[in-house]
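Working notes, structure below.
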Amino acid sequence: MQSQADLMPPSSASPSDPLLRVEGLHVSFRHPVDPPTEALRGIDLTIERGEMVGLVGESGAGKTTLARAIMGLVPQPGRIDAGTISFRGQVMADLGDDALRAIRGRNLAMVIPNPRSELNPVLTVGEQIGNVVRHHLGLGRSAARAAALDMLKAVSIPDPARRLDAYPHELSGGMAQRVVIAIALACSPAFVISDDATSGLDVTVQAQILDLLRTLIRAKDSSALFITRDIAITAHFCDRIVVLYAGEVVEVATVDTFFDRPTHPYSLMLLAAFSHSADLRRRWTVPPDETLPGAGEGCVFAPRCVRRQPRCTSEHPALRRLGDARAVRCHFPVGI
Amino acid sequence: MQDSDLLFGALSRRDALRYAVLATGSGLTADLLRSTAAFAVTPGTLVVAAPGTPQSLDNEYDGSLGTIDAIGQLYDSLVAYRKIPDPKHPDVMREDIVDNPSLPGDADLEGRLAESWDVAPDGLSLRMHLRKGVLSNWGNELTADDVKWTWDRKFALNAIGGFQVGLMALATPDSVKVEDRYTVTFHPSQPNPIMLKIQTHRYANIFDSVKCKQMATADDPWARKFLENDSAGFGPYRLAAITRGQQAVFKARADYYLGKPAIDTVIYKEVPTSSARVALLQGGAVDIAQALQPLEIKQLEKAPGVKVETVAASSMMWIILNAKIAPFDKPEVRQAMNYAFPRAQVIASIFQNIASPLNGCMPNIYPGFNGTFDHYGYDLEKAKALLLKAGLPDGFKMQISYNAGDPVQEPIAILFQTSLRKIGVELTLHKVPAGTYFNEVSARKQPMLFFVDAPWTADPVFALRLYFYSKSFVDYSNYANPEVDKLIEAGAQMTDLGKRTELMQKIQEIVMADAPWVFVASPNYTMARRDTVRGFTYYTSNSINFADFSAQA
Amino acid sequence: MALARYILRRLAFVLPQLVGILMVSFFLVKLIPGDPAVLMLGPNATPDAIDGLRRALGLDQSLIRQFAVYIGHVFHGDLGTSWQSTRPVVSDLIERFPATLELVTLGLSLALLIGIPLGIAAARAGRGPLRKIGEAYGLLAGAIPDFWLALVLIYVFYSTLHVAPAPLGRLDIALVAPPFVTGSLILDSLLAGDLQALGSALAHLVLPVATLGFINAGPILKMTQSTVGRILASDFIRYAEMCGLPRRVVMRQAIRAALPSIVTIVSVLYGFLIGGAVLVEIVFSWGGAGQYAVQGVLNADINPVLGFVVFSAIFSLIVYLCVDLAYFLLDPRTRG
Amino acid sequence: MSGPSGTIVSAGGLSLPPRAGRRSRWRSRGSLFLLVLHGRPSFALGYVIVTAVMTCAILAPWIAPYDPVTANPDVYLSPPGFSHWLGTDNTGMDILSRILFAPRTDLTIAVLGTALSAMVGIPLGAIVGYYEGRSLARRTFSVLVMRAADVLQAFPVFVFAIALVAVFGQSIISVVVAIAFVNIPIYLRLMRSQVLSIRGMRYVDAAFVAGSSDFAILRRHILPNAIAAALAQLSVNIGWSVLLTAGLSFVGAGVVAPTPEWGSMIATGYQNVTTGQWWPSVFPGVALGLTVFGFALIGNSIEVMADPAQLRLVGRAGKGG
């Protein structure tokens, strides 16, 4: 297991606890017939105050599972097998249900994708924002309504006073997304997780929303974890990037170094996929080799790796530190 | 017009269905009804739990138990049998129905609306001298016109009354003649030895013609609408209120010509399930519970505060064997059915011995009855031999219909089925709802049906003519024996009691041998009452007269 | 207005349905053997009298014509006469329908009181013992014949323990029923200020209501459990959890969202029980409308059967209108 | 009578993939079956009960101590005892023997009635669902069928069933027809909603585009995937039909006496409960309740097997311990 110090970003050398620390987190899903699948295998992750971290990876890499685990809400058939999550120095698993609820939404908020199905269909927008501030900040009904109105203004919803009494089904996708951001940020949380917050929206709306989100997070001096499949987004919004592949962290780097010199073949593959160069894409993408076991002995990425060596299929690589705030899980990192 | 008289309590057409449609009693091993325990019998008030309230109060059209009971209270007849103590139960009174040739009409009668009567020796006239000063519940005095109007109505409406007209052998309305204000004479068209006995019939009640004529309209000259819901008679009670399906309330008349009855108010409650009536009686909520099941009667005999008297009665249960439907067209088959019927077992188990075997084709308590012709013991060998003789060595398939409203019929049918299986007869049970049961019987299209009935008039001519005369409406077995017809016709005119009785015995002998019925049982009449109630009198109409009762405080 | 449009649409839908139901029932009950004229006149009728009555009743006409005449009468509020009770069916039903309604309403209320809390508890319990109890109850309640349960209850509480009144209808036989106002003995005795009648009516209601309540709590429990369970696993409840709303608030939202389904099953049960409680009515000699109809069928008394069908169809109509109204209030999406 | 409770409420959640090879499908179903039993032992109880009841029905002539329809008035209303374990009824017939024979009647009626309604309701529902929203004629057909179902369902079930029996006369066939009639709408609606949801799926469109006939699409692509819900309903419905049969017999509109049948046994016995003999009606009630319970459990297990979401829970319970 990698030591915690290895992953400390240089900017936060303070001796106090980081805002969020995930150590050796294992989450698996149980199935009735097949053996359990491991969604997360020993995740280590630290996020400092004021930091914005991008979490990238393809579908099924475990991004959402990680986010939900941090919230203390592992999705249904899954469960945490090992590891701890501490928020502001407190181990989440030690907290009771009430204490967890008090943190969730108050200090630890999440912005979700496709919010139209996630908002309560029978409550008005105002009630839903108001509920959160009432319960977390102890505001009265009218104060909560005022706060909700303020938040709607803050997320730049047109005609906020009228929208306050609108029901979710009366909102457009973009507006609903803004409402969810309003709910997430209503209590000025210390940490915001944005889980693919804009995936279902038009590109133009996407940019607006992300800008809004970043502005608001910065304004409230919060930290954030940006989960996305779109690696380009991270370049604009994040300080650091964590690359997740098949439930493992395969690379950690600051944004600048990552885009400058990615070291993991998977990172390169991701970047190539977003580049305009077909040549680049061809260079880093191979059809997966079905004959290799997906997991087990070797590197989880080995079946799809263009740089595969015999060692890759026999020995599982550790997450190696490559200097300040930088680590990679590869026997043969690129350019090293 | 047929069986007016015949309807035995529980099984009448309409109200039977209400207490019975479905086997659903209620009370279970009934004990005190907690909530009703407080309702002690109010002195002077009698509460009767009956299967149903009277449907119609017009006896021309209704023969259900509630109506039969009501008619006895609201009306009076011209004459009635004198009462004697029951030989087995000294507390219980019953009619002295034994024939007495020294008396006019051979009957031991007492005057009711009539003070005295003359029967012509040739049997061709009956003169009634009416009591004077008798008032109806509307205050009108009884006159010969009332009697005349009553019989005119029977002629005109020609339903149940039409049947009585036939029994009286009256040719036209003019056969009833008003001689003066208080004298009226019946002139039968042929010698009629039983015309006086017929006047005891519960449905030979006299209407207050003055009131009835007031209530009549052009559309309704015989005041049917009025008499359906109200009464105009000379009986001991008047109707205070009736809510059909719930209760009828009767009030004693202070101006009743025999004096005001002891019980002032009678509440006649409809309690459709027999177990419920048992429960109410045990709890003291009612004073009298009518029409109970044998097992319930057994249970009540042990109950504290309740008195149960069960007396030999006129009602009969038999299974109709339709002589027009094969194989019952063969007397051998009908006899075989009787030999294969486990009568003793049925009496012992289903009837709990609260019945006697039906050992004849008329009520065994009536004068002129002869029980020696009954030779149908349980004998499967004989039954088989008879079937063989009838050309049915392998038996046959048959359906028996029974009334869902009478809880004893189904088990009897099952016992019969088991027994018949042993001689190769495959019996299928056909349950008929109480409400339509009578239709099945009167349609005479079923091969085999249960029937319970009683001829009210205690006379063999009356009884035998009813069921075995091929022209009778009530000959549900489609029984036709020219010899029997001839004997009945002869008997109906035979004024000599001895000779008449001889003819009647001959008929019984023939009928028993012909076996148009399976002779089942003669159920007892059971009076289940609180032990504070006295004065039970048994009538051959199997109904009660409230005026007989008194209550101890 | 949306609500009015709703109701109108429902009415437009129900009227033809009512005629359809009447048509089916009319031709069905006409097939039942038994000639009403014969039955009405009784055994003493002459063939002439029967023919006369048949003509008077219109029984000599074609079935189609008879049906047309019947429908015409129905729309004038005339449901004919019962030959059994010799009374107009309308007045019989006005007397009997409230008896059934009172029984069914209270039975269903009890079923709700049992079914909803147990269902919610079972849904919340995950796979704990409560869920097992809930499931077992649901299955068991659905497996027990109500008439048998009624018999057993009577045997235990009336015959053996003597704590229940005799199962002989709605009121102690010694008591006089309060004046008929609503037809509900509880309401009528309250209106009349007759406490004795009230007590007796309540006592008589206990066992039949318990029977219906216990049996019908089954489907309500099942429905509540599955709906609340589904809602608890739904996106918006997950989102409410993420927002850290207190448990009771989340539960409230879940129950609120489950209400339309519960209202639906209750309305279905309500309509069903009007005719379906007949066995319980029979066992308790209740004298209700269902019993009246069943006796009608068994005794070839056509008008009560048809009258009952009309009454229950109208009742269902009212219930469904109420359901629509409830939906309208409960679910903002229907208001659009 | 538990009417609507017999309907599986959440059956809409079924979503099976287009069927793979027949063999693998059945193999996985088989292991699924064992798994479900393992995860929820109570389900096994359902199969045990129903198997036991069916065994009784088949073996009744050999295992019943007495003839079920032979009266013996010498021992009428004997309490449970050595010679008659569950006592005798008012004609002296052995209650135990009658209870053992009763499933022959009850299950025959329920299974036949349910099968008949499924045979009519499932194809009709599938066609209606498939036709909905297609050409005018087909749309009209499906609207007509659905309105007819509305009318059938709006009729009070019990009164309707009794009326049917009254019309056709008291016999097993009448009861079967009555049960079939009242159940048809349930299958009709279930299949319609299943087919409607499956019809919208890509692989159905693909088959349509590929030029398969309506019938072929229904048979090959839609029915196999829609039928699971109906199967789960089938078992629940058999239980419910047993209850309905018993109810009909209870009011006297069921089978002919003295056919051994639980409902009529309860009804007949009830008269005797009044006078203190509880056994003739209590024991058949227990047998009846157990049987319906067993079928409900089986229905639940089928439902669980067909619903992936519920399977997960089962799996967890099974593995977790």
Side-chain angles (χ1 to χ4, degrees), chain A residues 64 67-68 70-77 96-125 127-137 165-170 176 179-180 182-187 189 193 195, chain C residues 2-3 6 116 120-128 130-131 224-264 323-336:
Chain A
T64 299
R68 303 274 292 277
I70 292 170
M71 297 295 291
L73 296 167
V74 180
Q76 246 308 314
D97 183 62
D98 289 340
L100 262 181
R101 280 172 197 273
I103 292 175
R104 241 185 261 143
R106 169 70 188 88
N107 293 316
L108 188 54
M110 188 146 161
V111 181
I112 44 159
N114 303 323
R116 280 215 287 183
S117 75
E118 312 245 348
L119 288 169
N120 191 328
V122 300
L123 294 180
T124 63
V125 167
E127 283 168 331
Q128 300 201 44
I129 305 174
N131 263 343
V132 174
V133 292
R134 273 171 62 204
H135 292 294
H136 287 309
L137 305 179
D165 293 319
Y167 287 96
H169 69 275
E170 296 165 338
V179 170
V180 168
I183 292 173
L185 298 178
C187 302
I193 301 172
D195 183 3
Chain C
L3 182 61
Y6 230 83
I116 292 184
I120 291 171
R124 274 176 69 169
R127 58 179 200 278
L130 253 179
R131 185 189 178 92
T224 309
Q225 186 186 345
S226 77
T227 312
V228 173
R230 204 179 59 234
I231 287 168
L232 282 180
S234 74
D235 290 346
F236 72 87
I237 289 298
R238 197 179 62 202
Y239 181 63
E241 291 276 359
M242 273 179 205
C243 292
L245 294 179
R247 181 176 280 269
R248 71 189 150 79
V249 177
V250 175
M251 243 5 253
R252 207 159 57 210
Q253 289 193 5
I255 293 166
R256 169 81 164 66
L259 274 182
S261 303
I262 295 171
V263 166
T264 303
V323 170
D324 286 344
L325 206 65
Y327 264 62
F328 202 78
L329 296 175
L330 286 174
D331 192 342
R333 283 167 293 189
T334 57
R335 289 172 223 171

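If you're wondering where the values come from, they're calculated on a predicted model, not measured in any experiment. Naming: A, B, ... by sequence-line order, numbering from 1 per chain.
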Determine whether R101(A) and V250(C) make a side-chain contact, defined as any pair of heavy atoms from C-beta on separated by less than 4.5 Å.
yes
Quick check: closest heavy atoms across H136(A) and C243(C), and the distance to 0.1 Å?
NE2-O, 2.6 Å
Hey, is the main chain of D98(A) close enough, under 3.5 Å, to the side chain of R247(C) for a donor-acceptor pair?
no
With a 4.5 angstrom heavy-atom cut-off, which part of M71(A) approaches chain C: side chain, backbone, both or neither?
side chain
CG (N120(A)) and CD (Q253(C)) are apart, to the nearest 0.5 Å, by 4.5 Å
Sort I112(A) into side chain, backbone, both or neither according to what part of it lies under 4.5 angstrom from a heavy atom of chain C.
side chain
Heavy atoms only: give me the nearest L245(C)-N131(A) pair and the separation to one decimal.
CD2-O, 3.8 Å
Under the salt bridge (Lys or Arg N to Asp or Glu O under 4.0 Å) test, residues paired with R68(A) that sit two or more places apart
none
Go through the structure and list residues passing side chain to side chain contact (heavy atoms under 4.5 Å, CB included) with V74(A), not counting sequence neighbours.
V27(A), A69(A), I80(A)
Close side-chain approach of V180(A) and Y239(C), heavy atoms under 4.5 Å:
yes
Closest non-hydrogen atom pair between E118(A) and D235(C), with its separation:
OE1-O, 3.5 Å
At a heavy-atom separation under 4.5 Å, does D97(A) approach chain C through its side chain, its backbone, both, or neither?
side chain
Can you tell me how far apart CG (L73(A)) and CE (M242(C)) are? Round to the nearest 0.5 Å.
6.0 Å
